[in-house]
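Reviewing the structure listed below.
Chain letters run A, B, ... following the sequence lines, proteins first, then strands; residues in each count from 1. Note that the structure is a prediction, hence the values are computed from the model and not measured.
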Amino acid sequence: MSADADTHAGSSDTSSTDTPAHRYTAALAQDIELRWQDHWDEAGTFETPNPAGPLGDPDAAAARGEKLFVQDMFPYPSGSGLHVGHPLGYIGTDVYSRFKRMTGHNVLYTMGFDSFGLPAEQYAVQTGTHPAVTTDANIATYRRQLRRLGLSHDPRRSIATTDPAYYRWTQWIFSQIFNAWFDQEAPNDTGTLGRARPIAELVEQFESGERATPGGTPWADLPACDREQILAGYRLAYVSDAPVNWCPGLGTVVANEEVTAEGRSDRGNFPVFKRNMRQWMMRITAYCDRLIDDLDRLDWTDAIKTMQRNWIGRSHGARVHFASAAGDITVFTTRPDTLFGASFMVLAPEHPFVAELTTAEQSDAVAAYRSAAEAKKDVDRQDETREKTGVFTGSFATNPINGEQIPIWIADYVLMGYGTGAIMAVPCGDERDFEFATKFGLPIPAIQQPPDNWFAARGIEPSLDTSTWPTAFVGDAPYVNSANDTLDLNGVDNKAGGIAATNTWLESQGAGEATINYKLRDWLFSRQRYWGEPFPIVWDEAGNPHTVPDDMLPVELPETDQFSPRTFDPDDAASNPESPLDRLDDWITVELDLGDGPKSYRRDSNVMPQWAGSCWYQLRYIDPTNENRFVDPENEAYWMGPRTDIRDDHPGGIDLYVGGVEHAVLHLLYARFWQKVLFDLGHVSAVEPYARLFNQGYIMADAFTDSRGVYVEATQVEERDGSWFLGDEPVNREYGKMGKSLKNAVSPDEMYDAYGADTLRLHEMAMGPLDASRPWETRDVVGMYRFLQRLWRNLVDEDTGECTVVDTPADDDTRKLLHRTIDTVRTEMDALRFNTAIAKLIELNNAVTKLAGTPREVAEPMVIMLSPLVPHLAEELWVKLGRSDESDGSSGTITYVEFPVADPALLVDDTVELPIQINGKVRSHVDVATDASKGDIEAAALANDKVVEALAGGSAKKVIVVPGRMVNVVV
RNA sequence: GGGCGAGUGGCGGAAUUGGCAGACGCGCUGGCUUCAGGUGCCAGUGAGGGAAACCUCGUGGGGGUUCAAGUCCCCCCUCGCCCACCA
């Protein structure tokens with residue numbers, strides 16, 4: 001304790017104008033941080049013991065406590081490095097992991113890299129640098145920047161999806177999926193029907209005759225290619241002709257999800273065209289029901305669950321068959337009860353029946369319309385502001401419910417990719433159909449009696465003459481004109497009843513059946529690129545696929561400098577995709593013995609999409625060095641197994657998964673699908689990968705555009721008189737997610753130089769709730785810097801660097817404040833509410849600042865509580881407090897020191913100050929005993945001067961007393 | 001158009017089950033330290049009125065329920081995200 005300080009406040013050294021030698025400055029912070037980061041690495045501080053295997057130490061794992069698996073969505077290592085927006089979630093998971101280590105948990109926390117992907121490939125195409133070189137350099141940059149933040153990852157467990165030792169197992173999982181089928185009849189873990197089984201079990205069923213082959217021919221009599229064709233109809237990974245989005249500018253095919261609203265590629269912004277191509281598909285649609293139903297078992301926000309449900313898009317309805325000259329036209333409808341009102345049909349222009357249905361006199365019009373539709377992008381066809389267009393085919397279909405002949409039209413607002421590519425039009429009850437019928441003069445039979453107020457609201461007389469209606473009637477109302485000889489809906493006024501009755505009738509007549517439709521399509525799983533996982537598939541001369549034997553994995557990407565896909569003029573719609581691997585003759589042809597002697601095969605030249613590696617990385621974190629299996633079962637069960645102590649139907653999975661909401665549907669759905677397949681095949685114990693999901697917000701920042709609308713470097717923009725300028729040129733201010741594209745990124749390196757990593761960490765956690773997006777203001781960072789300086793000054797003499805903590809006990813008020821702080825901080829950290837935890841710690845420190853000396857009794861728990869947030873500074877202070885060398889299990893680090901526990905006796909005061917309200921407004925306060933009775937509180941309130949004055953001698957109408965909260969006197 | 005979410009000081013944000021609106025931080029104002037600037041420290045800071053004690057208003061707008069509403073209900077406005085002719 002320095003002699004010149006009466007209080008900590010205002011005790012700065014007056015003998016020098018220079019900064020004191022031991023002030024907590026950015027330079028000192030940097031010194032402390034780099035030193036501790038080296039120490040942690042050397043000591044293996046954050047290495048997490050497994051229960052078994054190469055990283056196994058069962059005793060150590062047990063000693064750490066209950067398991068906890070925390071994971072970030074891993075980054076794509078881009079060439080531009082990190083900005084301060086990237087690590088928001090990482091800091092959050094690090095603080096949480098560190099907190100949990102101190103409260104008796106064995107925490108698995110590490111980081112990997114999603115390193116396959118288009119940017120490295122495009123960069124390679126531009127510069128000639130191999131993607132592997134770029135990727136390794138970028139990963140090295142990311143590792144350095146993340147390490148500088150002090151994240152407590154287990155460095156032994158880091159993975160990169162581009163590492164052959166990793167993608168060997170991505171390929172193995174693909175083989176598992178390829179060699180599996182979905183048995184609709186087999187019970188799954190929830191007792192409903194439908195689960196994956198090895199394809200060999202299907203073959204057995206065919207061989208034994210338990211299951212008939214589709215054509216009825218005995219399995220043994222079928223040639224190999226026919227067998228394979230049959231199996232392809234069952235496999236969970238299969239090749240199929242699929243309409244794909246061909247992007248000549250990228251020289252590759254992109255997924256629907258990667259096409260922007262403008263019909264251009266997500267990356268590169270090139271035009272995208274429709275093409276039919278043989279592609280690998282994943283039968284994710286087999287899992288639609290389980291993917292929806294199991295959402296109920298997950299601790300995810302309702303917003304994300306709703307988005308997944310909407311994406312899968314399960315709707316109950318019926319398939320209805322309409323007889324036509326070309327055969328039965330099948331439609332899907334959610335409203336079979338409106339079938340009596342179906343007065344025409346509309347097919348997608350691409351529908352296979354169109355050619356046969358088109359009559360001679362309509363053929364020119366239909367041909368013209370079809371070619372016009374073909375040239376249109378899906379996005380244009382879906383523009384709802386566009387006027388309806390369509391052409392009559394000249395043919396009619398039979399409405400099965402009343403035998404009427406209804407005209408068949410084609411129109412581009414019906415899409416081949418959804419449902420059956422054909423709809424029945426019920427113009428009186430559907431706005432789009434009403435519009436179409438009105439425009440083309442088609443009949444609009446009324447089948448419901450709208451209520452009088454519906455007509456009144458539209459200023460027309462009630463009538464069933466639909467020509468007087470301005471719009472369709474969409475709602476519940478009694479049916480009219482809805483009866484045939486065997487079905488009568490007239491007078492029924494509820495939709496559910498109408499649907500049920502109609503479905504029963506349809507099934508009895510063989511005219512249709514109740515069914516469930518999904519919006520989700522099978523997952524297009526191949527890309528014509530170089531920088532991705534090769535498929536572990538070879539093709540024989542007859543054109544049958546075979547998996548490469550597991551012991552020959554990985555199928556490594558061939559070394560080549562021909563990694564460019566062949567690109568074309570971005571607008572060249574006639575060009576065709578060509579995979580880079582196709583050109584490598586030495587690699588593409590291979591001689592193998594697959595059990596029937598050496599034969600020549602052709603390798604599959606596709607690569608997997610970037611999603612593949614991220615579908616299962618959590619499993620590899622568990623057992624990253626295992627060369628015999630993708631993950632050891634004992635370790636998997638330990639880290640991922642169901643937690644029935646949390647809920648009875650807990651699906652297993654990691655305990656906390658943190659990432660951005662942009663992955664709400666794609667990544668999260670694909671990863672859930674793979675997990676379920678692996679579960680069904682008996683490879684893992686968890687049926688879901690991520691038991692709890694938390695979506696962190698984004699860091700936003702101002703961005704600026706010049707007169708051409710091009711983003712300019714935000715750091716160079718100046719504000720003058722409320723306007724913004726780049727040099728002398730005025731620019732427009734916008735606002736958006738921090739990043740390279742908006743040119744508004746702030747590098748963490750700048751923050752390290754100005755304040756240090758601990759200040760940056762603390763600031764990002766203090767800015768607001770972790771799940772909210774918030775704007776970045778560099779000038780705000782100084783607040784947390786000052787806080788850490790005050791904290792340091794409260795414990796350390798700025799001139800000598802000596803610890804100034806006193807061993808005298810804390811006074812009662814300080815002790816109570818300490819324990820209330822402990823109580824709150826524990827609760828808030830557990831709930832990931834770091835911003836409020838930090839506020840409480842600042843209050844405690846501010847109170848300590850006013851004391852004549854900081855009692856050790858307060859200093860030690862305060863440092864421990866801060867250590868998850870500012871780990872380097874806390875380690876340093878722990879040493880200064882003389883605690884780090886003790887042989888009490890802390891072993892030279894604060895990391896595993898027990899988090900303070902509040903003394904419940906200190907959380908309650910003897911007296912409490914209650915607000916006194918008069919007519920609901922606070923007018924005074926009164927001190928009462930904490931355990932005072934309602935009567936005592938009321939008496940105390942009524943004796944209060946303000947209340948006496950307000951009552952003016954009269955009596956209160958009513959007195960409401962909420963013990964411990966407030967008193968309200970109604971006058 | 002549909003779905004989900006959000007509107008609180010100059011700014012970021014606090015506020016158990018309805019119970020003292022604005023914790024904590026930034027910024028700003030004044031002061032101390034300093035030759036000065038910066039750093040650091042102390043005090044003040046929702047708006048309006050008042051010398052003060054205090055008073056009035058105040059959580060996007062308008063209604064409502066209640067002793068009591070940022071919080072619950074109804075209508076409207078604005079913004080963000082996702083999906084969009086989904087049959």
Rounded to whole angstrom, note down the P distance from B:rG50 over to B:rU59.
-> 24 Å

Rounded C1' spacing from B:rG19 to B:rA84 in Å | 44 Å

note: A:Asn695, atom CG; B:rC4, atom C1'; distance rounded to Å ~ 12 Å

A:Arg790 has an atom CZ; how far is it from atom C1' of B:rC26, in whole Å?
-> 13 Å

Under 4.0 Å, heavy atoms only, any strand: does [X] hit a base, just the sugar-phosphate, or nothing?
X	value
A:Lys840	nothing
A:His763	nothing
A:Val922	sugar-phosphate
A:Thr25	nothing
A:Ile842	sugar-phosphate
A:Glu777	nothing
A:Glu843	sugar-phosphate

A:Lys439 atom NZ: more than 12 heavy-atom contacts under 6.0 Å | yes

OP1, OP2 of [N] versus side-chain N and O of [X]: anything below 4.0 Å?
X	N	value
A:Arg432	B:rC86	yes
A:Lys519	B:rC86	no
A:Asn835	B:rC24	no
A:Gln917	B:rG19	no
A:Arg793	B:rC41	yes
A:Arg786	B:rG27	yes
A:Asn310	B:rA84	no
A:Lys305	B:rG3	no

Pair assignment for [N], Watson-Crick or G-U wobble, requiring both distances under 3.5 Å:
N	answer
B:rG48	B:rC55
B:rC72	B:rG64
B:rC26	B:rG10
B:rC32	B:rG40
B:rG18	none

Walking RNA chain B from its 5' end, the first of A:Ala766 and A:Met784 to be reached, judged by nearest nucleotide, is A:Ala766

RNA chain B: 5'-proximal contact among A:Met767 and A:Leu914 (nearest heavy atom) = A:Met767

Any donor-acceptor pair under 3.5 Å between the side chain of A:Asn968 and the base of B:rC67?
-> yes

Is the A:Phe436 to A:Tyr413 ring centre distance short of 6.0 Å?
-> yes

Take A:Trp311 and A:Leu291 through the test side-chain contact (heavy atoms from CB on, under 4.5 Å) and record every step on the way to the result.
-> CA-CA 11 Å; A:Trp311 190 260; A:Leu291 288 170; over 6 Å; no

